[in-house]
Amino acid sequence: MRWWRSGPGRRANPTLDEDARVRDFYEHPVGRDLIDKLLVGQGRSNRWVTNPVVGRLRLRTVARLAHRFTGPDFVSTLIRLVNVEPDAPNPDPPEEVPGAAPEPAWWKQSVFYQVYPRSFADSDGDGIGDLGGILSRLDHLAGLGVDCLWLSPIYDSPGEDGGYDIRDYRAVMPEMGTLEQLDALIAGCHARGLRIILDLVVNHTSDQHEWFQRALADPDGPYGDYYFLLPADPEHPDRPPNNWKSAFSTSAWRWLPEIQRWQLHLFAPSQPDLNWENPRVREEVVDLCRWWFDRGIDGFRMDVINFISKTPGLPDGHDFVGEVVDVVGVEHYFYGPRLHEFLRELRDKAFAGSAVREPKVMVGETPGVGVETGRLLTAADRGELDLIFNFDHLESGAHTRYDDYRYDLEFYKRYMIDYQSRLGALDWLTLFFENHDNPRMISKVNPDPQHRTALGKLLGTLLLTLRGTPFLYQGQEIAAINQPFEGLDDLRDVESLNRFRAQVEAGASEEEAWAQVMASSRDHARVPLRWDTSPGGGFTTGTPWIVGRDTAPGFSVAEQDADPASVLHHYRRLLALRRASRALRVGDIEFLDIDRVGYFGWVRTAGDERLLVQLNLTEAPLDVPAPEEGAVLELGSHGPDASATLAPYEARMYRLKASSRAGCR
């Protein structure tokens, strides 16, 4: 091994080779994340690699032992990947780091609420949610108590991937409304004390974008280098440039006969990847960010932003890596060699504050990134992202999103305790269970209708009282669940439709393929929000663009607004408590009795303020430690009961006396 030279104040990583030991690999931030992901995918503990016997093994020995399972070059592929990262997370306290902010930024103390515009509210009766509908429902968000609205894409788009295929970054999709309506929405948010961020998709565009159309007209001109447009190999003209697969179960390459080039698309064929190696592309992104900031938005959530740097030469992906993560080639772009550089440049040129403008928040969707690499992308001293979405907690055990199984909240407890224990003074994390790309968590934990309300309150309590920045998704506040879709005609999600076809073509029965789709479909989260019990659900006076088939009584906004014991009212009380409590927003956290299975408890502290949270993660009653003497029940999901037994999925919060003692006896 040799050591990288690193920047001032940075910890450096060694450059690994096959003489390095497993423990050296696991001590590297990328290596640790990779091994943790592999172990979680197999339902294994990290003790498999931290024990002395395995830890002393040379990587060349691991390569030899694993060869029969992984094929050739698996270990060398991982070594090349970790050696891309020279830095390790900075453990220094903020007062020792130049530029570290003493007061937490606004986004650390806020609660974000994601709206999927097509499904939130329709103002003109065409069955599609729009900006006018969102504006008409802003008082719902203000009354709920959230701090920032996040809009999924509203830009002009052909709509082949729900708006994530952008045709014009500076225009609004006609079915969504107009720029003037968006300006009114921005003003409406600010007038209510809300901030607003938009989704920004700059890993790829639509193939109808002006840049791509110009590239097609002149692939050797300046716009040809905005994308990855590669000529065919003369000896193998029908063979794509590499073996990468897209996220939608097809090849990541499309042949364009009109220009005799292959086009890279990590998502749908109509979503060509932008070439961030081209400085003109990066300047275009800076310009469009500034344009939106001038219109008053407060930042961006950046779609798959960690995919923007690809390994030079676009080499083949390793087959075993592809088998493990279900996407061949991902090791060459999920944490690319220039990712940090590109993000720092974008922050410096577009997001950084000035004398007349506060910094804009930069939230990254980062599939594949783990705890340690996430720290490197978001630490306050690095000038990159502010927050990331780490998705490792969304599946428990050895399961994937396509499995029909019961999610284990005990896994989430241990994951969160580990995550929080590894964060330094410069680190922060997001807290979320749902978004537009994932099924509803209540249905994954326990689909039994009798537990729906309790689970809705429990999951809300988890998100709003743990340490971090919560992100809520529309419908969580009324305990939305997965839909009993009746067939493919009910679906609109291109990923689900492609998955079904791919599974059947691979030999699965239609019943088996449908089971995967029902477990994983993004459409579960994309059906219209249930505002009331009218024929259109209060969403539209027309025919909705996608049918929501959950009609259970008591789970619309109007019904829950009239019921003080509802999930909606629980969220309102939680959010009011959080807004008034520095301990809940930015205070320290101490976990309690962590080995008690089914019990999740912690104390949040800021100065003299101390709050105890106790949760039952199971569907059975659970005896729990009694709160310390003098504790006052502040909020209970099941009412004022403060007995020593928690009901199934019950959540309680107590206010404790100012003290240095633990929260329980």
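- With a 6.0 Å cutoff to the six-membered ring centre and a 45° limit on the axis angle, R530 does not count as a cation-pi contact of F555.
- For the pair R254 and W262, the NZ or CZ position fails the cation-pi test of under 6.0 Å to the six-membered ring centre and within 45 degrees of the ring normal.
- R406 and E619 are joined by a salt bridge, as a carboxylate oxygen and a charged side-chain nitrogen come within less than 4.0 angstrom of each other.
- P648 and A454 make their closest contact through O-CB, 3.9 Å (heavy atoms, listed as atom of the first residue, atom of the second, distance).
- Judged purely by distance below 3.5 Å, without hydrogens or angles, the side chains of Q213 and Y223 never pair a donor atom with an acceptor atom.
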>> Determine whether E495 and R522 satisfy the following criterion, side-chain contact (heavy atoms from CB on, under 4.5 Å), listing intermediate values before the conclusion.
In response: CA-CA 8 Å; E495 180 189 65; R522 302 185 299 182; 3.6 Å; yes
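- Residues satisfying the side chain to side chain donor-acceptor pair (under 3.5 Å) criterion with E650, sequence neighbours excluded, are R652.
- Salt-bridge formation is not detected for the pair D550/R440: no Lys NZ or Arg NE/NH1/NH2 atom is positioned less than 4.0 Å from an Asp or Glu carboxylate oxygen.
- Of all heavy-atom pairs between F485 and L491, the closest is CD1-CD2, 3.7 Å.
- Comment: E505 does not engage R501 in a salt bridge, judged by the lack of any side-chain N to carboxylate O separation of less than 4.0 angstrom.
- Between the side chain of T540 and the main chain of T543, no donor-acceptor pair closer than 3.5 Å is present.
- The minimum heavy-atom distance linking N435 with A525 is given by the pair O-CB, 3.4 Å.
- Salt bridge status for R192 with D139: present, with a side-chain N to carboxylate O gap under 4.0 Å.
- The pair D523-R492 does not count as a salt bridge, with every side-chain nitrogen at least 4.0 angstrom from each carboxylate oxygen.
- A salt bridge links R347 with D386: the distance from a Lys NZ or Arg NE/NH1/NH2 to an Asp or Glu carboxylate oxygen falls below 4.0 Å.
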>> Go through it in stages, so that I can follow the logic: the residues are R167 and E160, the test is salt bridge (Lys or Arg N to Asp or Glu O under 4.0 Å), and I'd like the CA-CA distance, side-chain angles, deciding distance and then a yes or no.
In response: CA-CA 11 Å; R167 179 166 47 204; E160 294 185 33; over 6 Å; no
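- None of W292, W107, F351 except one satisfies the side-chain contact (heavy atoms from CB on, under 4.5 Å) rule with K360; the exception is F351.
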>> Could you walk me through whether L200 and D303 satisfy the side-chain contact (heavy atoms from CB on, under 4.5 Å) test, starting with their C-alpha distance in whole Å, then the side-chain angles of each, then the deciding distance to 0.1 Å, before giving a yes or no?
In response: CA-CA 6 Å; L200 184 64; D303 191 66; over 6 Å; no
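- Across all their heavy atoms, W276 and R282 have their closest contact at O-NH1, 2.7 Å.
- Under a 4.0 Å N-O distance rule, the pair D326/R401 does not qualify as a salt bridge.
- Judged purely by distance below 3.5 Å, without hydrogens or angles, the side chains of T205 and W211 never pair a donor atom with an acceptor atom.
- Among all heavy-atom pairs drawn from V369 and D392, the shortest one is O-OD2, 4.3 Å.
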> Could you walk me through whether E210 and R214 pass the salt bridge (Lys or Arg N to Asp or Glu O under 4.0 Å) check?
Replying inline: CA-CA 6 Å; E210 179 186 5; R214 290 190 178 191; 2.7 Å; yes
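- The six-membered or imidazole ring of H436 lies near that of Y164, with a centre-to-centre distance under 6.0 Å.
- In this structure, R295 forms a cation-pi arrangement with W291, its terminal cationic atom sitting closer than 6.0 Å to the ring centre and no more than 45° off the ring axis.
- Each of W150, F432, F471 was compared with F112 under the ring pair (Phe, Tyr, Trp, His ring centres under 6.0 Å) criterion, and only F471 meets it.
- Between D408 and K444 there is no salt bridge, since none of the side-chain N atoms of the basic residue sits less than 4.0 Å from a carboxylate O of the acidic one.
- A cation-pi arrangement is found for R118 relative to W545, the charged atom lying closer than 6.0 Å to the ring centre and inside a 45° cone about the ring normal.
- Using a distance-only test at 3.5 Å, with no hydrogens or angles considered, a donor-acceptor pair links the side chain of N306 to the main chain of P367.
- Other residues, nucleotides and ligands contribute only 12 or fewer heavy atoms inside 6.0 Å of the CD atom of E510.
- Counting only N and O atoms by type, the side chains of E395 and Y405 include a donor and acceptor under 3.5 Å apart.
- Side chain of T178 to main chain of Q181: a donor-acceptor pair is present (N/O by atom type, distance under 3.5 Å, no hydrogens or angles).
- Salt-bridge annotation for D490 and R549: present, with a side-chain N of the basic residue lying under 4.0 Å from a carboxylate O of the acidic one.
- Cation-pi geometry between R137 and F120 is not met: the NZ or CZ atom fails to fall both under 6.0 Å from the ring centre and inside 45° of the normal.
- Closest of all the heavy-atom pairs between L568 and V557 is CD2-O, 3.9 Å.
- Around atom CG of D294, more than 12 heavy atoms belonging to other residues, nucleotides or ligands sit under 6.0 Å away.
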